[in-house]
2 protein chains.
Amino acid sequence: MVKYEAIAKEIRSRITDGIYKVESLIPDQVTLSEEFKVSRMTIKKALDILAMEGLIYRQRGSGTFVMKNSPLNEKNAAVNEYDGLTKQMQGHKLESKIIKFTVEFPSEEMMEHLMIEKSMPVYNLIRLRILDGKPYVLEHTYMPTDLATGLTEEIIEGSIYKYLHDELNIKFSGAYRKIRADKASKYDQEYLICDVHDPILEVEQIVYLKDGRPFEHSRSRHRYDTRSFTFIDMNQKF
Amino acid sequence: MVKYEAIAKEIRSRITDGIYKVESLIPDQVTLSEEFKVSRMTIKKALDILAMEGLIYRQRGSGTFVMKNSPLNEKNAAVNEYDGLTKQMQGHKLESKIIKFTVEFPSEEMMEHLMIEKSMPVYNLIRLRILDGKPYVLEHTYMPTDLATGLTEEIIEGSIYKYLHDELNIKFSGAYRKIRADKASKYDQEYLICDVHDPILEVEQIVYLKDGRPFEHSRSRHRYDTRSFTFIDMNQKF
DNA sequence: AAGTGGTCTAGACCACACC
DNA sequence: GTGTGGTCTAGACCACTTA
C-alpha cells in the first residue's frame, strides 16, 4: 500500500475510534508530516481521501475539522454496484433463478449502448435474484460475447462478476447509471411477486472496461419497498 | 482559476473538439508539461480531473487514452442537486408555487436528521416547482431557522439557494441522498397532476454546510415520466 | 503578524507495458 | 532497455482566518 493510503487509513481509524473527536481540529499538516515522517504533500493527499469520504472538512487559515456525520458512520452501501450483487450481499443468502439465457444479434439500441457491430453476438440474460428467500431484483443483461466469453448456465447461477474477475481477469473502470421509477410490467408482477399498481425502481447501467469499451448493459428492476439507493456527494465546488 | 483547472479545461475542449481523438493516445505528461510550461505534477492533477469525469483513461507504462464515451458527451445533469433547481434549469421557465410555509418545532425524526434540539424552530416548506408550465417536482423541505435566517415568501417564490449564497454567504460541503420509488400520495396526485397508480420517484436529501452541520432535509417527489437520475462512477478500485 | 491549508516546482524513484 | 504514469520529496509562494 502506498504511503498516503496507509496514512489515510490510520487517520480514519483515529476518527472512528474517537481519538480525533467530532467537530474538533485535528493536528495541522506540518505536524502530521513530522509525525508520519513524510512530506506535507503526502499528508495532504491522505486528507484528500478523507475529505472525499466526508469525514473531515478543511478550511484555509483555520485548520482541519472532523465532520459531524450522521449518515457517514453508517455502513453506506453507496451506489457502487458494478462489482456485482454477490459481493455486496455477503452474509445474506443470495440465489439466482435463470429466466432466460440466449445468444442473439444485437438490436439497434444495444449496438449503440455496447458500441458493437450488428455481427457481434450478445448474451441476453434475464435473472431473478432472490435474497434470503424473497424476490429482490429482476436483471435484464446484455453482454458482447467477445468480452464475456465462455458463460455457462452454471456460472450465471452464481456470481458472474467473480467469474469475470477470477477467470477472465477482466477489470472495470466504472459505470454509467440511470435511476428511474416505472410501472410494473407483467414480467415484474410475475417474478417480483408484486401488484399491478406497485411502482418499480429501475437502474439502467452500462459498465465499462478499463480501456473504455462498454462491457454490459443491464436494467435491474426492483420492488419499490425493498430497495433504495443512497449516496454521498462531498466537496463539490459551489 | 488555478493552473491545473485551466489546463483541464483546455484538454477537455481538445477532446470534445476532436483534436484528441476517441480511443487514441494523448501526449504524455512530460510533453504536456513542456507545452503548458508547468511541472509534471500540475499536468497530472489536471488529468486527474478528466479521469474522474470519465473522459480519459490512464495506463501505467502505456499512456493516456481518450475514452470511448457514449453517455459522457451528453450533457449529463448528474446528481449534483444541492445548488438548487434554478441554477440547473437555466434556459427553462421555472416557477414555484408555495403550498405551505410555516415555522414549527421539529419532530423527533427532524431533530435527528438536522441534529438540532427540540427548542430550535424549523421552517417547513412545501413548494411545487413548475417547469415550462408543467408540474415538475413537489418539494417538502425543512431548514433550521438559525441557519436559514430571514426567509420570506418572496424569497422562496424564487431561488432559495441564490438567497442563501448571495445574501447569507452560506457555503455547502455536500449532501447525502437517497433515491426510491413510491406510490403517489393524495398530495402527489393533486399537485403533480398524476394518476393514483402512477409511480413517484422520490429523492430524500440532507445538505451539509462546510462545517458539517446539516442545513436542509428535503423530500423531492417527481412524476415517474419526467425525471430520472444519471451519474457516472469512474476510477473505482476493484 | 502568525498560522493554516492550497498550489506549484524540479527532480527523484518506482511499477508497469512494450519492444 | 525505454518510455509511460504513480508516488514522494523539500521547499517555495499564495490565500485565507484569526488574533
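Remember, predicted model here, so these are calculated numbers, not experimental data.
Judged by a 6.0 Å distance limit and a 45° cone about the ring axis, Arg213(B) is not positioned over the six-membered ring of Phe215(B).
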Margin query: Generate the contact string for nucleotides 11-19 of chain D. Rules: B means base contact, S means sugar-phosphate contact only, - means no protein heavy atom under 4.0 Å.
Written below: -B--BBBS-
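Atoms CD (Gln29(B)) and P (dT9(C)) sit 13 Å apart, rounded to a whole Å. Rounded to an integer number of Å, the gap from Lys37(A) NZ to dA10(D) C1' is 16 Å. What separates CG of Asp28(A) from C1' of dG3(C) is a distance of 8 Å, to the nearest Å. One interatomic measurement links the two molecules: CG of Leu32(B) to C1' of dG5(D), which rounds to 12 Å at whole-angstrom precision. Between Arg58(B) atom CZ and dG3(D) atom C1' the separation is 17 Å, expressed in whole Å. A straight line from CG of Asp48(B) to P of dT7(C) spans 12 Å, rounded to a whole angstrom. Following rounding to the nearest Å, Leu25(A) (CG) and dG3(C) (P) show an atom-to-atom distance of 15 Å. Counting to the nearest Å, the P atom of dT9(C) and the NZ atom of Lys45(B) are 11 Å from each other.
For the pair Glu10(B) and Arg14(B), the salt-bridge criterion is met [side-chain N within less than 4.0 Å of a carboxylate O]. Comment: Arg40(A) does not engage Asp28(A) in a salt bridge, judged by the lack of any side-chain N to carboxylate O separation of less than 4.0 angstrom.
Taking only side-chain nitrogens and oxygens, Tyr4(B) comes nearer than 4.0 Å to OP1 or OP2 of dT7(C). Contact between the side-chain N/O atoms of Thr64(A) and the OP1/OP2 oxygens of dG5(C) is found at a separation under 4.0 Å.
The overall bend of the helix from dA1(C)-dT18(D) to dC18(C)-dG1(D), read as the angle between its terminal helix axes built from five base pairs each, is 10° when rounded to 10 degrees.
Ring geometry for Tyr142(A) versus His217(A): interplanar angle of 30 to 60°, hence tilted. Below 30°, between 30° and 60°, or above 60°: for Phe65(A) and Tyr57(A) the angle between ring planes is below 30°, a parallel geometry.
In this structure, NE2 in His140(B) is found 10.0 Å from CG in Leu125(B), a value given to the nearest 0.5 Å.
Within the 4.0 angstrom heavy-atom criterion, only backbone atoms of the sugar-phosphate kind lie near Lys3(B); the bases stay farther away. At the heavy-atom level, Val30(B) lies nowhere under 4.0 Å from the strands shown.
With dT9(C), dT9(D), dT7(C) as the choices, the nucleotide that has an atom nearest any side-chain atom of Ser39(A) turns out to be dT9(D).
By the salt bridge (charged side-chain N to carboxylate O under 4.0 Å, His left out) test, Glu153(A) is found to be paired with no residue, residues two or more places apart in sequence or in another chain being considered.
One side chain, Ser218(B) or Glu216(B), offers a donor N or O that lies under 3.5 Å from an acceptor on the other.
Thr31(A) has its side chain out of reach of Glu35(A): every pair of non-hydrogen atoms, C-beta onward, lies at least 4.5 Å apart.
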